[in-house]
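Source: prediction; values computed, not measured. The analysis underlying the following values was restricted to heavy atoms, covering all of them including side chains, and did not include hydrogens, waters or symmetry mates. Chain letters run A, B, ... following the sequence lines, proteins first and then strands; every chain starts at 1.
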There are 2 protein chains.
Amino acid sequence: MKPTTPAAEDYLKTIYAHTEWQPDPITPRVLATRLGIAPSSVTEMVKKLAADGFIAHVPYGPLTLTPAGRIRATAVVRRHRLIETWLVRELGYTWDEVHDEAEVLEHAISDRLLEAIEAHLGHPTADPHGDPIPAADGSSERVPAVLLADAAPGHAGTVLRVSDRDPAVLRALAEAGIGPGSRLAVVDATTVRLPAGELHPLAAEAARAIWLTS
Amino acid sequence: MKPTTPAAEDYLKTIYAHTEWQPDPITPRVLATRLGIAPSSVTEMVKKLAADGFIAHVPYGPLTLTPAGRIRATAVVRRHRLIETWLVRELGYTWDEVHDEAEVLEHAISDRLLEAIEAHLGHPTADPHGDPIPAADGSSERVPAVLLADAAPGHAGTVLRVSDRDPAVLRALAEAGIGPGSRLAVVDATTVRLPAGELHPLAAEAARAIWLTS
DNA sequence: TGTAGGCTTTAGGCATGCCTCAATCTGACC
DNA sequence: GGTCAGATTGAGGCATGCCTAAAGCCTACA
Ligand SMILES: [Mn+2]
Ligand SMILES: [Mn+2]
Ligand SMILES: [Mn+2]
Ligand SMILES: [Mn+2]
């Protein structure tokens, strides 16, 4: 399989991540926005990734990963999440601080170091945000989940994951003691009830970051 | 101070390393050979590094670091050696395996992570090869040392450092139990006497890799 | 069914960091 | 002092990965 550059790996990872918790394939426009680059830059890289067999693309259509692309993408996701886990468990990072560091290191560590870190951590299956860490063969368990913002009032469940996209949301939730494993009941789109019974208000961004068991 | 790219950092580090154990400044030709690139590539990068104030260079002359260049170079060396130390002490690497990994990671970790690793290791002052780890301010202790290959027969001393350039040499020395801190007496250019009294033959490359107290 | 406006692609450009090949300089030796 | 080999520099080129501006496509809605 063709080697990939750090830039290409970020494209593949972002395409993969888009469909991880939601079915629609990603469009060039959305990919450009997520990566913080111009749409025309996506067009160019898509041409290369398609030529190398990592993505399938018909002009003006959405972007989907080929089997080879999925393998490469999950390998990058695996690195990212193991690095985040390592930073939190071994080096005193909080869950809102790890993302940028992992974004760089995921392209820099060798397979050898990745395996050493994984063994050192005891083969964790989820990162600090509750995201599943793919196994070395690319497989990962997918648990049915609902976005808190989309959950019906009255729905009660366990926090499965919290999107790591917005550090401010992560800090606010940590402050409230909410994280993967927390039990929550949905009161309305901006209020949850904690196990102790007290009501807790949530910013709209927080409600769109938390995924509960369905 | 201007930011530096990974490539520029490798140039600065290599220029610095050249004078660390020997006084003559490096020439473009030698720098190109060390970096494994063409001499004309060095000419180009030297122009940029000189324009940015990191090196001093008169055409056709040798390359020397400015104070700004020395600060940047020691920062990279500090990263490199702390990473090597961390790989050996925490993750089961041997001293012949760490160099390539550190060569990449030295450009990838944040200041935040560097400080966390350093604290986690207890602020070590030397890396697995005995090379001094510069402090955050760039300072480092320089101990007088002689290359084993240049030492007079009969000279006895402690191994201060072993060059990490050739992994095969490092493996052979580890096999013989020779490393920083070992006591050795020089018999001739290719033989040393160990503390137990036995003689040990050394390859010429090994004799040019070992530095003893003078 | 026509069209406006958004999405996608194309065209042309730029910075980085390499390369090869050719020209120029330097210093050691005759 | 002249010569010449090796070192250094210059010229031109290429891959990567971004950009802006302009052109082309597509579709939802009038
Ligand atoms: Mn990344
Ligand atoms: Mn995460
Ligand atoms: Mn390096
Ligand atoms: Mn070292």
Side-chain angles (χ1 to χ4, degrees), chain A residues 1-15 18-19 22 24-65 69 72-73 76 100 103-104 106-108, chain B residues 1-15 18-19 22 24-65 69 72-73 76 100 103-104 106-108:
Chain A
M1 216 188 302
K2 286 248 164 63
T4 35
T5 61
E9 289 170 4
D10 281 338
Y11 280 76
L12 294 176
K13 186 184 60 162
T14 305
I15 295 169
H18 184 83
T19 46
Q22 167 248 293
D24 305 334
I26 198 169
T27 62
R29 169 95 233 172
V30 171
L31 180 53
T33 303
R34 286 268 190 284
L35 293 172
I37 61 178
S40 60
S41 302
V42 169
T43 301
E44 285 175 67
M45 181 65 90
V46 159
K47 249 182 282 187
K48 284 179 224 164
L49 291 173
D52 291 350
F54 292 119
I55 66 176
H57 181 232
V58 292
Y60 298 97
L63 307 167
T64 54
L65 295 173
R72 191 58 55 91
V76 180
D100 291 351
E103 197 59 48
V104 175
E106 66 191 1
H107 312 291
Chain B
M1 215 190 300
K2 285 247 164 63
T4 36
T5 62
E9 289 170 6
D10 281 337
Y11 280 77
L12 295 175
K13 186 184 61 162
T14 305
I15 295 169
H18 185 84
T19 46
Q22 167 248 294
D24 305 333
I26 198 170
T27 62
R29 169 96 228 169
V30 171
L31 180 53
T33 303
R34 285 267 190 285
L35 292 172
I37 61 178
S40 60
S41 302
V42 169
T43 301
E44 285 175 64
M45 182 64 90
V46 159
K47 249 182 282 186
K48 284 178 223 164
L49 291 172
D52 290 350
F54 292 119
I55 66 176
H57 180 233
V58 292
Y60 298 95
L63 306 167
T64 55
L65 295 173
R72 191 58 55 92
V76 180
D100 291 351
E103 197 59 48
V104 175
E106 67 192 359
H107 313 291

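Separating the CE atom of M45(A) from the P atom of dT8(C) is a distance of 17 Å, rounded to the nearest angstrom. Here dG17(C) presents its P atom at 11 Å from CG of D52(B), a figure rounded to the nearest Å. Summarising the geometry, the separation between CG on L31(A) and C1' on dT8(C) is reported as 13 Å, rounded to the nearest angstrom. Note: NZ (K48(A)) to P (dC14(D)) measures 16 Å, nearest angstrom. Between the NE2 atom of H107(A) and the P atom of dT16(D) there is a distance of 17 Å, given to the nearest Å. In this structure, CG of L49(B) is placed 11 Å from P of dT16(C), rounded to the nearest angstrom. Nucleotide dT9(C) holds its P atom 12 Å from the CZ atom of R29(A), rounded to whole Å. Rounding to whole angstrom units, CG of residue L35(A) and C1' of dC18(D) are separated by 12 Å.
Contact check, Y11(B) against dC18(C): a side-chain N or O comes under 4.0 Å of OP1 or OP2. Remark: T43(A) is in phosphate contact with dT9(C), judged by side-chain N or O atoms under 4.0 Å from OP1 or OP2. Distances shown here put every side-chain N or O of K47(B) at or beyond 4.0 Å from the OP1 or OP2 atom of dT9(D).
Here the CG atom belonging to L49(A) is positioned 6.5 Å from the CD1 atom belonging to I15(A), to the nearest 0.5 angstrom. For the atom pair K2(B) NZ and R72(B) CZ, the distance stands at 11.0 Å (nearest 0.5 Å).
Of all heavy-atom pairs spanning D24(A) and H18(A), the tightest one is O-CD2, 3.0 Å. The two residues F54(B) and T4(B) make their nearest non-hydrogen contact at CE1-CG2, 3.7 Å. Nearest heavy-atom pair across L65(A) and A73(A) is CD1-CB, 4.0 Å.
Of all nucleotides listed (dG17(D), dT20(C), dA7(D)), dT20(C) comes nearest to the side chain of A38(B). Of the candidates dT16(D), dT9(C), dT8(D), dT16(D) carries the atom nearest the T5(A) side chain, counting heavy atoms from C-beta on.
Side-chain atoms of S40(A) and base atoms of dT20(D) include a donor and an acceptor less than 3.5 Å apart.
Closest-nucleotide positions on DNA chain C for Y60(A) and E44(A) were compared, and the one nearer the 5' end corresponds to Y60(A).
P28(B) comes within contact range of the sugar-phosphate backbone alone, with a heavy-atom separation under 4.0 Å but no base atom that close.
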